[in-house]
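FYI, the numbering just counts along the sequence from 1. This structure is a prediction, so every number in the text was calculated from the model and none was measured.
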Amino acid sequence: MPDSAARPEWRRRNAALLRLAALFVFVTGSVLCIGSFERTAGGANIIWLANGMELAFLLLVPRWHWPRYMVVSFVAMVLGSILIGETVGMSLLYNCLNCVEVLIGALLLKRRSSDLPVFTDRRYLLRFIGFACLLGPAIAGVPFAIYENLVSRQDFLSTLLGWAFSDGLGIAVVTPTLVAILRSRMRNTHVLRRRWIYIVLVLAVTLGVFSQNRAPLLFLIVPFLVMVDVQIDLGWAALSTLGVALIGGWFTVHGYGPLALATTVGAEWKAAILQLFLAAAISTLYAISVVFGNLRRAQTELRQIASLHKLVVDNSRDAIELGDLDGRRTYLSPGIKALTGWEPEELVGMLFREMIHPADLAEVEMAMRALRAGSEGGTLEYRARKRDGEYFWAEGSLRVYRDPATGRPIGYLNLIRDISERKRSEEHLQSAYRAMETLVVVDALTGIANRRRFDELLTTEWRRALREGSRLSLLLIDADHFKRYNDTYGHVRGDSCLKQIAEAALDVVLRPGDLVARYGGEEFAVVLPGTDETGAKAVAEDICQAVRNRQLPHEGNAPGIVTVSVGVATMIPQRGKTSQDLIEAADQALYRAKGRGRNRVVSGTSAKPDTPALIVEVPKIRKTGE
């Protein structure tokens, strides 16, 4: 048990050494196998596997590890070549060219150490075929063809083509296969258990095609290779192609199979024809693999998008609604149930307007008409009906969506959100604002308008009278000898006295447009828009009488009760004057009223003598104990 537990750790520590050992074994074995095979075939080149194995390792490891892999691969090739009877000089020449060929493909394919081979990517596949399968073998084959032409008088072109075909085909078949094996893409045992029959069919059909000489049935192999590619992956398809190459090559060099029917060509041309067939088959597999790789990626992306969409839609507090431009719903997300209590299926087919509060229907209809007229959308607030008949405030974000092909508007998208809590908060905020606004313009003691409200209204009415050319009257009211009242009865009674003066003025000033305000201290003001001097004086006299009628005792005042003095001013506003002129005129009239004995009304704009107020004599109120 301890040994088995320590084994994975040992593998991790020695992974690089194990990969080098695997490369050495693979390359040496392939050289021995293919070399012996070619000697049996009379020197015909069928397929060269060692270069494809070396290239697969180089594509999977960082570039700074390449020297050790190149050395191991070169030693393995030389050793294998010597073991099959090659001279040391020829072995060194061949395998130096093999390493150059592999290095050209590796350098052009793996430009950065982090790059990894992706044979289902169209651009990478084209680079692999162009650089590794065609350019590298062609460059390395030129020196070999020149050498063979000079030394053995071999035809330059046929020698070059033989080298390029055997090496290029070997790289095309072995590199993707070995990459898939090393990256564990071919160890999916549950897939193999279900689909192993396709590989068996490929090998069985290959045996059937090459074991007879009566009919050229090479084409039968391709559909089965395609099935392996489609049902499993490119790695297993390439490995099956390698099996086809070995089986077909053995039968071909021994005079069997469809190529044996070609009696007018030699073994080299038969090998070349077989290589062309295998090259066409592997190219077809690559093309199909790219198409299906892109399709699988698209399907994976669609599944991810669908899963993400479902996750968002199912867990969103907002509801998504789709409908046509007539307002008929075609889709509702599950979130609609939390908002309304309705199942999504129950609302599909219903008109949008059927769920809207009658008071909000006009606004919603206007928004739908705007969408039909070409608007891109907007946001609106409305009340929507729940299943139990109650309504809730909803915010709808309406957007038009278009036909992808024609760009024509075909429906609307509505994101529905419950804003009932927000509406309640807004109502509370408005109530608080109105209450605060009331407090700002109301005098806390008397409950009538304060000086701020008076200034605002007087300015507004002055501008209106200036615009309309109408009269504006102002009364300034002062409680007579109020300081004596406070000294005699105290401030609490003084506050009560001011309240009663304010109430007396409110009893007289009844028009909605008029204003009674506390001007400051014991002074009050009355704004009378559209009132001439006679009317203003009448209101002032009524206020004086209303205060006297309350019979508030005041020992410090000559009549023995609380009285007021009133200054009246009336103007028709003109350019160059301001409301301050009206205030000053009323203040001057009030000053004269006090100077002439108080308890009276004086007009600041009248040429007539002042109108004395009616003096009402009342018995002097005796204090308790007198």
On a heavy-atom basis, which atom in [X] and which in [Y] lie closest, and how many Å separate them?
X    : Y    : value
G335 : A319 : C-CB, 3.9 Å
A132 : P137 : O-CD, 3.1 Å
I104 : G136 : CG2-CA, 4.1 Å
L325 : L371 : CD2-CB, 4.4 Å
P258 : L218 : CG-CG, 4.0 Å
T159 : Q154 : OG1-CB, 3.5 Å

Say you draw a straight line from [atom1] of [X] to [atom2] of [Y]; how long is it, rounded to the nearest 0.5 Å?
X    : Y    : atom1 : atom2 : result
T206 : L217 : OG1   : CG    : 12.0 Å
L398 : M368 : CG    : CE    : 6.5 Å
L134 : F128 : CG    : CZ    : 10.0 Å
Y331 : I336 : OH    : CD1   : 10.5 Å
R399 : L322 : CZ    : CG    : 14.0 Å
L103 : L58  : CG    : CG    : 7.5 Å

Using 4.0 Å as the upper bound for N to carboxylate O, is an ion pair formed by [Y] and [X]?
X    : Y    : answer
E321 : R329 : yes
E345 : K337 : no
R422 : E395 : yes
D318 : R417 : yes

If we only count heavy atoms from C-beta on, is the [X] to [Y] side-chain gap below 4.5 Å?
X    : Y    : value
T330 : V348 : no
R112 : D115 : yes
W66  : L107 : yes
V222 : F277 : yes
C96  : F74  : yes

Looking at [Y], is its backbone amide N or carbonyl O close enough to the side chain of [X] to form a donor-acceptor pair, meaning the two atoms are under 3.5 Å apart?
X    : Y    : answer
E86  : L83  : no
T28  : F24  : yes
R63  : R111 : yes
N95  : S91  : yes
N213 : G257 : yes
D324 : D326 : yes
E301 : Q304 : no
S211 : L207 : yes
R328 : M350 : no
N51  : V102 : no

Report task. Measure up the F57 and F26 rings against each other and bin them: parallel (under 30°), tilted (30 to 60°), perpendicular (over 60°). Result -> tilted

Query raised in the report: Do E101 and W163 have side-chain atoms, one donor and one acceptor, less than 3.5 Å apart?
Result: yes

Requested in this report: Could you tell me whether the side chains of S73 and E54 share a donor-acceptor contact shorter than 3.5 Å?
Outcome: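 Yes, side-chain donor-acceptor contact under 3.5 Å.
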
Query raised in the report: Can you check whether Y94 and F144 have ring centres sitting under 6.0 Å from each other?
Result: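 So the answer is yes for these two rings.
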
